[in-house]
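The block underneath contains the structure these notes are about, expressed in structure tokens.
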Amino acid sequence: MSALKFLALAALAAASPLEERAKKPKSFLKDLGNSTWVLGNEIWNVTQSRQYANKLMYKGADRVGDAVGHYVSYNGAASDLAWTSAAVVDSGKDWINVKFTAAEGDFYWVIYDDLAGAYQYFVNHNLPTLGEFRTLWRLDNVSFPNGHTNVKDGELPPLAEYGDATNVQDETWEKADGTFLTKYDWSAFLRDQTYYGVYGEDVGSWYINPGKDYYNGNQLKGELMVHRESRTGDAVQLNMIHGTHYQAVSRDSFADGKVWGPWLWYLNDGSKDDAAARWEKEESAWPYKWFNNKPYQSRGKMQGKLVLSDGRPAAGAAVFLGDNNNPTLSTLDQGQNYYYTTYADEKGKFDIHDIRTGTYALYAWGNGGAIADVSTSFTQNDIVIRKGKNTNLKELTWKVTSGKKRIFQIGDFDRKTDGFGVVDPSVPYKHDLISDCPANLNYTVGSSATSEWCFGQSAIGTWSIHFAADTTAAAQLTVSLAGFSQGVSCDLLLNDFKVGNITSKSLANSQDTYRGAVTAGEWRLLEFPVAEGGLKEGANRLDVKVTRGSVWHGWLWDSILMDTV
Ligand SMILES: *[C@@H]1O[C@H](CO)[C@@H](O)[C@H](O)[C@H]1NC(C)=O
Ligand SMILES: *[C@@H]1O[C@H](CO)[C@@H](O)[C@H](O)[C@H]1NC(C)=O
Ligand SMILES: *[C@@H]1O[C@H](CO)[C@@H](O)[C@H](O)[C@H]1NC(C)=O
Ligand SMILES: *[C@@H]1O[C@H](CO)[C@@H](O)[C@H](O)[C@H]1NC(C)=O
Ligand SMILES: *[C@@H]1O[C@H](CO)[C@@H](O)[C@H](O)[C@H]1NC(C)=O
């Protein structure tokens with residue numbers, strides 16, 4: 001402490017000793033030596049050592065127990081951050097900010113005296129180029145028997161069930177009754193989360209991540225959220241701040257100063273209603289005014305209206321503000337900067353507030369509904385967001401294919417399997433569901449329902465589309481896949497003549513289909529020309545003939561269609 005500051009404090013203390021003592025925060029950091037610290041407040045505390053924080057004391061018991069506790073790691077379990085020092089770097093009358101330093105960057109816990117839990121954030125200094133970067137709690141499995149996300153709630157499968165089952169794939173076991181155990185069934189779309197975590201009768205431990213601009217990926221970025229640790233039985237609550245799951249490319253390098261968070265790690269008595277109320281409170285307080293970080297506080301907003309080149313509004317379109325001039329990475333695979341998402345309204349209008357200042361590209365794609373026929377996407381670079389300003393993009397024209405005739409289309413263009421058979425959009429992750437799709441099927445355009453086309457294709461066999469055409473003109477076959485895991489190949493045959501294929505040679509692998517993604521993984525668009533005379537006047541048949549099958553691998557269907565050119 002500087003001499004001046006000490007004098008000032010001394011003077012204050014002299015002026016009003018009782019008042020000054022009352023203003024000292026009750027939250028604390030205690031250095032026990034040997035790289036061990038205790039931090040917390042009168043409600044909870046935890047003991048942090050070089051890597052792991054354990055002995056989480058809350059409501060009269062140790063809530064980590066024999067589990068591993070809290071840590072920060074990258075590239076799987078390969079690299080846990082090791083804390084070399086800890087200090088209270090800032091404080092107010094009822095809060096402290098504790099910084100833990102590692103070679104890669106600094107992890108902060110902002111602890112308010114009356115808060116069960118802490119705000120946490122990480123500031124990068126020297127992280128390597130990486131795929132996975134996460135913080136997590138591995139907690140006592142008696143206190144926290146259940147998991148919760150926005151799409152799944154219930155008991156985490158007990159460890160004993162794993163012992164009696166056969167391992168059939170990474171982190172996947174088949175039980176004697178033929179059903180499966182896999183942590184991936186606890187995945188969810190990250191940006192749809194409100195509160196999620198693990199809970200029991202007395203206690204709940206939750207992650208509440210308002211804003212979400214520090215996450216990688218777009219609206220359909222899936223991640224593993226909670227699970228049972230299959231070796232130890234720990235109840236695991238993940239905070240995948242840069243995840244690799246369900247996408248094709250995820251390696252990124254980060255600028256010095258990139259911030260993940262702050263998010264809230266929140267403890268309560270296990271009440272989901274209370275956690276939901278806390279989510280509302282945090283979401284409305286975002287971006288946090290208390291966070292003393294200049295780039296974080298420097299934000300503007302934008303608005304615009306997307307109109308299709310045929311005059312229709314881009315009703316309900318997915319809108320993504322992402323990397324400027326990045327034609328190589330899909331919106332799902334972008335991840336080194338900050339990202340913002342929304343959906344246009346029925347008039348094609350959209351707005352996003354509290355965007356970090358900078359230059360972005362705006363991306364948009366159809367999300368079904370009134371524009372389910374639109375197979376093109378929209379990109380506009382060089383969108384500048386200025387502090388405290390509104391960037392009004394006014395009307396943006398989204399080119400759709402025009403002057404063409406659609407001969408048939410199965411499924412909406414929305415980058416999702418919604419509408420097809422077997423899948424239920426409210427259950428977006430379910431291992432082995434793809435095995436319920438048939439090897440062979442016939443679909444007749446005009447009389448078959450969309451639900452007669454199955455959501456995913458994996459097995460050797462032929463799915464035939466029977467359709468009528470009144471032309472022999474040149475055409476284009478468009479295949480839109482909502483996901484693809486290598487190992488399955490097909491030929492696309494128009495009236496027995498090969499016009500295209502789906503193979504591992506032409507498509508990178510994404511770990512989506514085989515890890516139980518049934519709504520969406522990494523989207524792919526394939527376009528194949530059909531020469532004049534390929535179509536016949538009258539009855540035609542397009543076969544999707546799988547020549548190489550592989551259980552659980554293959555593709556998720558978004559849409560398949562044909563246009564004349
Ligand atoms: C310091 O901590 C390590 C483990 O973190 C332990 O093995 C060692 O015994 C401790 N040393 C002292 C002097 O407490
Ligand atoms: C942590 O909490 C436990 C249980 O409430 C308490 O006994 C212990 O003294 C606390 N630790 C510190 C350093 O305050
Ligand atoms: C909890 O973990 C212990 C090991 O610490 C394990 O023996 C037990 O089976 C686990 N309980 C459940 C419900 O998985
Ligand atoms: C599809 O239709 C063809 C006749 O066009 C028939 O031979 C085949 O058995 C049918 N496949 C299925 C799975 O119904
Ligand atoms: C498969 O399709 C790609 C285009 O997507 C093409 O380049 C390749 O030659 C085709 N392979 C076979 C074996 O037909």
Side-chain angles (χ1 to χ4, degrees), residues 24-33 36-49 53-70 86 88 96 98 109 111 113 115-118 137-147 154-165 173 175 181 183 186 198-203 226-237 267 421-422 436-445 447-448 452-454 457 459-468 493 495-496 538-546:
K24 223 173 141 268
K26 297 192 189 89
S27 305
F28 63 85
L29 170 74
K30 281 189 183 137
D31 190 343
L32 303 186
T36 309
W37 304 267
V38 186
L39 64 157
N41 56 26
E42 289 178 337
I43 302 167
W44 64 276
N45 68 63
V46 71
T47 301
Q48 174 75 62
S49 50
N54 49 32
K55 298 193 193 71
L56 170 60
M57 303 306 297
Y58 178 58
K59 287 189 180 286
D62 177 357
R63 304 301 176 172
V64 169
D66 293 334
V68 166
H70 184 267
V88 173
I96 59 170
V98 180
W109 304 64
I111 306 171
D113 291 350
L115 178 60
W137 280 103
R138 286 171 58 170
L139 294 165
D140 169 54
N141 67 18
V142 177
S143 300
F144 304 96
N146 307 310
E155 193 190 5
L156 296 168
L159 187 64
E161 286 188 24
Y162 290 79
D164 297 339
W173 287 258
K175 298 206 283 186
L181 284 170
K183 66 179 182 183
W186 287 94
V198 292
Y199 67 99
E201 304 236 304
D202 308 319
V203 284
V226 296
H227 68 99
R228 167 86 56 211
E229 218 307 315
S230 62
R231 280 171 306 237
T232 60
D234 297 358
V236 186
Q237 176 190 3
L267 289 166
V422 169
D436 292 355
C437 284
N440 299 287
L441 72 78
N442 283 305
Y443 186 98
T444 304
V445 172
S447 63
S448 297
E452 288 174 54
W453 189 258
C454 210
Q457 200 165 359
I460 289 180
T462 301
W463 294 14
S464 298
I465 302 167
H466 305 270
F467 65 97
L493 305 160
N495 300 319
D496 296 316
N540 288 263
R541 194 183 80 246
L542 182 84
D543 290 336
V544 182
K545 186 178 177 188
V546 174

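Counting starts at 1 for both ligands and their atoms, in listed order. Computed over heavy atoms, backbone and side chain alike; hydrogens, waters and symmetry mates excluded. Numbers here simply count residues along the sequence, with the first being 1.
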inquiry  = If the condition is ring pair (Phe, Tyr, Trp, His ring centres under 6.0 Å), which residues does W137 pass it with, not counting sequence neighbours?
reply    = H70, W265
query = What are the atoms of ligand 2, with element, lying closer than 4.0 Å to any heavy atom of F28?
reply = 12 (C), 13 (C), 14 (O)
CG/D66: more than 12 non-hydrogen atoms of other groups inside 6.0 Å = no
key: Trace of the side chain to side chain contact (heavy atoms under 4.5 Å, CB included) decision for Y162 with R228   = CA-CA 10 Å; Y162 290 79; R228 167 86 56 211; 4.0 Å; yes
Protein residues that have a heavy atom under 4.0 Å from any atom of ligand 3, sorted by chain and number = N141, P158, L159, R228, T232, G233
query = Hey, which atoms in ligand 2 end up nearer than 4.0 Å to a heavy atom of V38?
reply = 13 (C)
query = With atoms numbered from 1 as shown, which atoms in ligand 4 lie under 4.0 angstrom from a non-hydrogen atom of N440?
reply = 13 (C)
query = Got an N/O contact under 3.5 Å between N442 and ligand 4?
reply = yes
task = Could you tell me whether ligand 2 has any atom less than 4.0 Å away from a heavy atom of W44?
result = no
query = At what distance, to the nearest 0.5 angstrom, does CD1 of I465 lie from CG of L542?
reply = 5.0 Å
request  = For F467, enumerate each residue passing the ring pair (Phe, Tyr, Trp, His ring centres under 6.0 Å) test, keeping only those at least two apart in sequence or located in another chain.
outcome  = F408
request  = Return the set of residues passing ring pair (Phe, Tyr, Trp, His ring centres under 6.0 Å) with Y443 (not counting sequence neighbours), or none when no residue passes.
outcome  = W453
Interatomic distance, W173 atom CH2 to K183 atom NZ [nearest 0.5 angstrom] = 8.0 Å
note = CZ of F28 to CG of D113, rounded to nearest 0.5 Å, is 10.5 Å
